[in-house]
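A, B, ... follow the sequence lines: proteins, then strands. Residue 1 opens every chain.
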Amino acid sequence: MTKQELPKTYDFKSTEPRIYAMWETGGFFKPHNDPSNADFDPNIETFVIAIPPPNVTGELHIGHSMFVSVEDLMVRYHRMKGYSTLWIPGSDHAGIATQLMVERDILKNEEVTREEMGREKFIERTWEWKRKYGGIITNQIRRLGASCDWSRERFTLDDGLSRAVREAFVRLYEKGLIYRGPRLINWSPGLKTAVSDLEVEYEEEDATMYYFKYKLKPESRSSTSGISEAELRDSEYIPVATIRPETILGDTAVAVHPEDERYKRFIGKTVIVPILGREIPVIADEYVSMEFGTGALKITPGHDPNDYDIAHRHNLPIISVLDREAKVNENGGKYQGQDRFEARKNMWADMKEAGLVIKTEPYRTTIPRSQRGGEIVEPMISEQWFVTIEPLAKQALEAVKDGRIKIVPERFEKTYYNWMENIKDWCISRQLWWGHRIPVWYCPDGHMTVTREDPSECAHCGSIELIQDEDVLDTWFSSGLWPFSTLGWPEETPDLKYFYPTSYLETGYDILFFWVARMIMMGMEFTNEVPFHTVYLHGLVRDEIGRKISKTLGNVVDPLLLMDEYGTDALRFTMLVGSTPGNDTNVGPKKTESNRNFANKLWNVGRFVINAVSSTTFQVSGTDDRLLNTDNWTLADSWIWAKMQQLVRDVERHFQNFQYGQAGQQIYDFLWNDFADWYVEIAKEQMKNDEATKQTVATLARVFDMSLRLLHPFTPFVTEEIWGHLHNALRESQISSIAQDWPEALIVAKFPEPREPEDWEETRTADFELIQEIVRSIRNLRSEKGLAPSKKIAASISAGAKLDLLTSQSSVFAWLAGLDFSQLSILESLSDKPKDSATLVVGSVEIHIPLAGMVDLAEEKARLEKELKEAESHIERLEKLLSSDFANKAPAAVVQKERDKLAGYKETAEKLKAQLG
RNA sequence: GGGCGGUUAGCUCAGUUGGUUAGAGCGUUGCGUUGACAUCGCAAAGGUCGAUGGUUCGAGUCCAUUAUCGCCCACCA
């Protein structure tokens with residue numbers, strides 16, 4: 001491989017598909033230890049993630065790129081470490097979302113409604129749709145580099161998972177944890193289905209508070225039939241406030257607080273429902289707040305959850321006044337057929353006419369809206385299926401409390417407890433067609449047959465006239481089984497045995513309750529085990545300036561566009577770096593662009609290293625003795641190895657703590673700021689010397705190779721591609737992918753023991769840092785004096801105790817700082833100060849740069865004085881510090897570090913003083 | 001009403017057992033391009049780490065109070 005063959009710019013467009021195909025066809029995404037293999041070993045540790053199944057009809061959005069980036073990182077890391085790693089892919093049928101989409105499509109193209117088409121045909125059409133579009137999302141997930149085992153891909157409505165759903169339903173039913181009954185539920189009039197509490201969002205909106213009179217039935221009369229208008233007009237009334245006058249039609253009582261002096265005397269009396277003229281009682285209930293509104297509360301148990309509870313306490317009748325479409329029904333008298341909002345208007349007008357109106361005033365309140373459709377949700381009495389949640393929640397709560405499941409970041413555990421402790425029964429039936437139909441059949445006598453297999457006759461009376469329940473299950477019912485249903489449950493398959501429980505569950509915190517909590521409950525109920533031991537919650541993705549992404553705002557961040565423009569690696573790195581668990585993160589083109597630049601930088605460092613390797617005539621092998629013998633190392637070699645070691649340790653630590661962003665940042669910094677900016681530059685100088693070349697090239701290759709591996713979980717494509725070229729150049733590899741050992745294993749194996757790393761690292765690193773300081777101050781001076789980088793300059797150096805070090809490193813820093821090596825003199829001390837030269841002081845080292853004609857003496861003096869002042873302020877600070885209790889109480893190493901600093905500043909100050917005369 | 005999170009450079013954000021000159025990307029300013037990379041290099045400017053008090057030899061980091069923005073949960077008509 002020669003330099004010419006690698007382009008100057010990394011071409012991600014052609015590289016990514018090629019690399020992905022290589023991985024997939026090469027079987028790299030399958031667990032290396034698979035139960036179906038002949039040499040399967042059940043004792044090898046597993047690492048398993050079940051993908052959060054995206055909606056089958058969905059298009060990739062930025063949230064997907066977040067979870068894929070994080071999960072692929074986790075998976076690749078563990079795979080490299082030797083775990084038998086499985087990432088199970090799949091998709092979700094997403095009941096409402098998909099049904100709506102197909103419905104809209106059919107209506108648009110064929111002008112037929114779902115109802116007109118009929119259930120069977122509609123479902124058939126939806127399957128067609130699924131077959132047509134279901135692959136889009138999975139291909140887009142492939143494009144993100146996801147290393148899923150696609151041979152194990154599942155769909156929530158496929159046969160296996162449907163069996164699991166029936167099994168789960170029937171088991172819960174048999175255990176008495178599923179029941180059916182009329183309850184007050186959240187009804188979505190637009191979607192015409194019940195939705196669960198979680199699917200309702202409350203938002204504060206402007207509304208109107210209506211104040212009106214609830215007239216008392218006159219004492220003398222025992223029935224309303226003959227009450228004259230005049231009698232009613234003059235009778236007493238209770239003032240009542242409401243934001244929903246139309247629900248007056250369903251009122252069955254007026255409630256006041258038992259201690260309320262204003263209304264005490266009305267308790268037990270009868271009032272007349274406006275317009276309808278029904279008689280309802282005045283009751284006393286402590287729920288009523290005396291301070292709020294008028295202190296009297298109308299009770300509409302058919303359309304308000306609180307009123308529903310109160311009605312139960314007082315045995316009040318419950319009247320529904322709205323139908324499936326939220327229009328007034330037959331109980332609403334003359335308003336029947338009117339929409340709820342229309343009825344509100346008309347009702348109020350009529351009440352005004354009747355003299356029952358007191359006033360209206362603007363009011364802000366929380367309005368419940370459907371998460372999916374956006375319309376106002378109507379509390380309604382309806383016959384639905386429910387899961388008795390308390391016993392399930394109890395186990396699920398315990399699992400987190402006792403640490404069997406850990407949530408990252410930890411603060412979400414509290415959120416979880418809070419929700420679990422206040423959880424209500426789960427309404428699992430939906431009046432939809434697309435989904436798992438409830439496995440319950442009814443015979444003409446009304447008997448229920450609940451079975452796993454479609455029954456041929458009624459289990460109670462043997463009737464063969466069976467009709468299956470019309471409803472389907474909440475989508476989340478099937479997703480709740482995902483970690484084990486995807487592995488074959490309820491069958492005790494080899495996969496289930498080996499890969500379950502899974503390891504991490506990774507998702508956004510926004511579906512902690514919807515999905516994560518349900519999986520924990522169902523997992524524990526059906527498998528008696530926690531479905532995963534760690535829940536990692538990522539933050540939500542926001543736009544570049546931190547706004548919530550919304551279509552109406554027009555700030556949608558399209559991951560496909562970002563990948564087109566900057567490459568997958570750039571997008572992934574952007575998702576992963578600069579964010580922390582559970583915190584929202586901003587993503588946009590700017591960040592992605594700078595990470596594209598990083599990928600390109602990496603590519604070019606790679607080109608340099610590969611070129612260096614292929615230019616050598618000898619074999620640069622990993623087992624080379626010279627590489628292992630640190631006696632042969634230059635200062636720079638030692639330094640970069642020490643940095644590398646530290647990096648591996650840090651990255652490992654950050655991975656253990658789920659600090660992926662930190663890990664990525666450190667690798668980035670190492671590669672760019674240490675390896676490329678310093679080591680590669682020095683290598684150019686070292687390779688001028690034939691003796692040192694072999695060692696240098698070996699170090700370049702090894703250090704770079706290890707960095708690529710560390711980086712691979714973050715940016716898999718570019719690292720794989722460069723790694724491939726590098727290994728071709730090294731002529732040593734039978735291996736076809738980078739996904740091999742994690743560097744930790746490497747570094748332990750290849751580092752010679754005797755050298756006490758700590759000590760060795762510290763002195764060598766400190767020496768190297770002195771060289772860096774010298775280079776920086778010379779560069780700084782050059783910049784100040786406007787010297788072109790190409791201009792070589794002379795220097796004489798008084799090195800003091802660092803004479804040996806500087807002499808040995810002279811070619812290195814001369815090269816880096818642009819010094820003319822033939823005009824460089826290094827002495828222990830200079831007998832006389834060169835004329836017309838600028839002086840740089842770095843610790844005990846004094847550098848004189850002759851700048852004939854360019855040095856303004858006054859300016860130079862001012863510069864030195866400034867430096868002296870700076871040094872003195874440091875001396876003062878450090879002396880104060882070291883004379884305080886710090887010296888006694890702080891760890892010795894910390895104190896020593898400060899002492900060394902002080903000594904350095906003192907030397908600098910001395911030198912500067914001497915310079916200033 | 002309850003709970004949680006943010007507040008650090010012009011902008012967007014890192015900074016996890018408290019260790020002493022607080023970092024990055026982008027932006028800004030100056031210089032620079034045959035020699036891995038202009039998708040680049042060198043250098044510079046820019047911060048009372050929201051406020052107050054406390055603990056400590058030492059606080060961006062721990063505690064208390066407070067301001068402000070945001071999120072989640074919750075049945076006041």
Side-chain angles (χ1 to χ4, degrees), chain A residues 3 6 8-10 202 209-210 240-244 247 255 287-289 291-300 304-310 363 365-366 409 411-412 414-415 418-419 422 509-510 512-513 540 542 544-546 548 566 570 574 577-580 582-586 588 590-591 593-612 653-654 657 659 661-662 665 668-669 673 676-677 680-681 684 776 779-784 786-790 818 870 873-874 877-878 881 883-891 893-895 897-898 901:
Chain A
K3 189 176 73 184
L6 291 180
K8 284 178 99 160
T9 305
Y10 169 55
Y202 295 86
M209 183 74 91
Y210 299 83
V240 176
T242 180
I243 55 170
R244 303 196 54 194
T247 63
Y287 168 79
V288 182
S289 155
E291 291 75 38
F292 193 85
T294 63
L297 174 63
K298 66 190 266 316
I299 303 299
T300 320
D304 184 285
N306 300 313
D307 296 2
Y308 184 77
D309 291 344
I310 293 173
Y363 184 68
T365 188
T366 49
R411 66 186 138 91
F412 283 103
K414 205 166 170 181
T415 313
N418 197 282
W419 189 72
N422 298 296
Y509 63 76
D510 54 332
L512 177 61
F513 305 141
L540 272 30
R542 316 184 77 104
E544 197 121 46
I545 51 173
K548 198 170 176 175
Y566 307 112
T574 304
V577 173
S579 67
T580 39
N583 290 329
D584 292 355
T585 179
N586 303 351
K590 275 188 181 169
K591 278 191 184 179
E593 185 183 3
S594 76
N595 289 324
R596 185 271 317 262
N597 294 353
F598 174 55
N600 193 61
K601 182 77 180 180
L602 197 66
W603 175 256
N604 278 293
V605 173
R607 285 209 310 150
F608 177 82
V609 174
I610 289 160
N611 188 41
R653 196 182 75 241
H654 286 132
N657 295 329
Q659 303 291 320
Q662 277 298 297
Q665 187 66 53
Y668 178 104
D669 290 342
N673 303 331
D677 287 355
V680 165
E681 291 307 313
K684 289 176 187 170
R776 283 201 189 99
R779 281 173 174 174
N780 193 340
L781 180 81
R782 296 178 66 114
S783 178
E784 275 179 26
L787 291 180
S790 52
E870 206 173 293
S873 82
H874 281 298
R877 181 180 58 82
L878 289 167
L881 175 69
S883 63
S884 73
D885 256 12
F886 171 75
N888 304 323
K889 299 193 177 171
V894 176
V895 176
K897 211 167 139 195
E898 296 309 312
K901 273 193 209 164

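Among the heavy atoms of the strands lying under 4.0 Å from D677(A) are primed sugar atoms or P, OP1, OP2 only; no base atom is included. Using a 4.0 Å heavy-atom cutoff across all strands shown, A788(A) reaches no nucleic acid atom at all. Counting non-hydrogen atoms under 4.0 angstrom, R779(A) reaches the backbone sugars and phosphates but no base. Counting any heavy atom pair closer than 4.0 Å across all strands shown, K8(A) reaches sugar-phosphate atoms only and no base atom. Using a 4.0 Å heavy-atom criterion, one finds that S289(A) contacts the bases of the nucleic acid, with or without backbone contacts as well. V895(A) comes within contact range of no nucleotide atom at all, as no heavy-atom separation falls under 4.0 Å. As judged by a 4.0 angstrom heavy-atom cut-off over every strand, E593(A) is placed among residues making no nucleic acid contact. Here S884(A) lies in heavy-atom contact (under 4.0 Å) with sugar-phosphate atoms only. Backbone-only contact: Y363(A) has heavy atoms under 4.0 Å from sugar-phosphate atoms and none from a base.
A donor-acceptor contact under 3.5 Å links the side chain of Y287(A) to the base of C75(B). One donor-acceptor pair, N or O on each side, does fall under 3.5 Å between the base of C37(B) and the side chain of K601(A). Between the side chain of E681(A) and the base of A36(B), a donor-acceptor pair under 3.5 Å is found. On a pure distance criterion of 3.5 Å, a polar donor-acceptor pair joins the side chain of K684(A) and the base of A36(B).
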(request) Test side chain to side chain donor-acceptor pair (under 3.5 Å) on D307(A) and Y287(A) and set out the steps. (result) CA-CA 10 Å; D307(A) 296 2; Y287(A) 168 79; over 6 Å; no
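A donor-acceptor contact shorter than 3.5 Å is absent between the side chain of N583(A) and the backbone of S579(A).
Nucleotides G58(B) and C40(B) are separated by 42 Å at their C1' atoms, to the nearest Å. Annotation: G60(B) and U20(B) have their P atoms spaced 11 Å apart (nearest Å).
Checking C40(B) for Watson-Crick or G-U wobble geometry (two distances, each under 3.5 Å) identifies G32(B) as its partner. Pairing partner, C76(B): none, since no Watson-Crick or wobble contact has both distances short of 3.5 Å. When both distances must be under 3.5 Å, the Watson-Crick or G-U wobble mate of A64(B) is U52(B). Nucleotide C57(B) has G19(B) as its partner under the Watson-Crick or G-U criteria, with both atom distances under 3.5 Å. Remark: A14(B) base-pairs with no nucleotide in the shown strands. Criterion, Watson-Crick or G-U wobble with two distances under 3.5 Å.
Nearer the 5' end of RNA chain B, as judged by each residue's closest nucleotide, is the contact made by E870(A), out of E870(A) and E784(A). Positionally, the nearest nucleotide of RNA chain B for G786(A) lies more toward the 5' end than for the other of G786(A) and F598(A).
Taking the six-membered ring where the residue is Trp, Y668(A) and F598(A) present tilted rings, their angle falling between 30° and 60°.
OP1 or OP2 of C37(B) sits under 4.0 Å from a side-chain N or O of R607(A).
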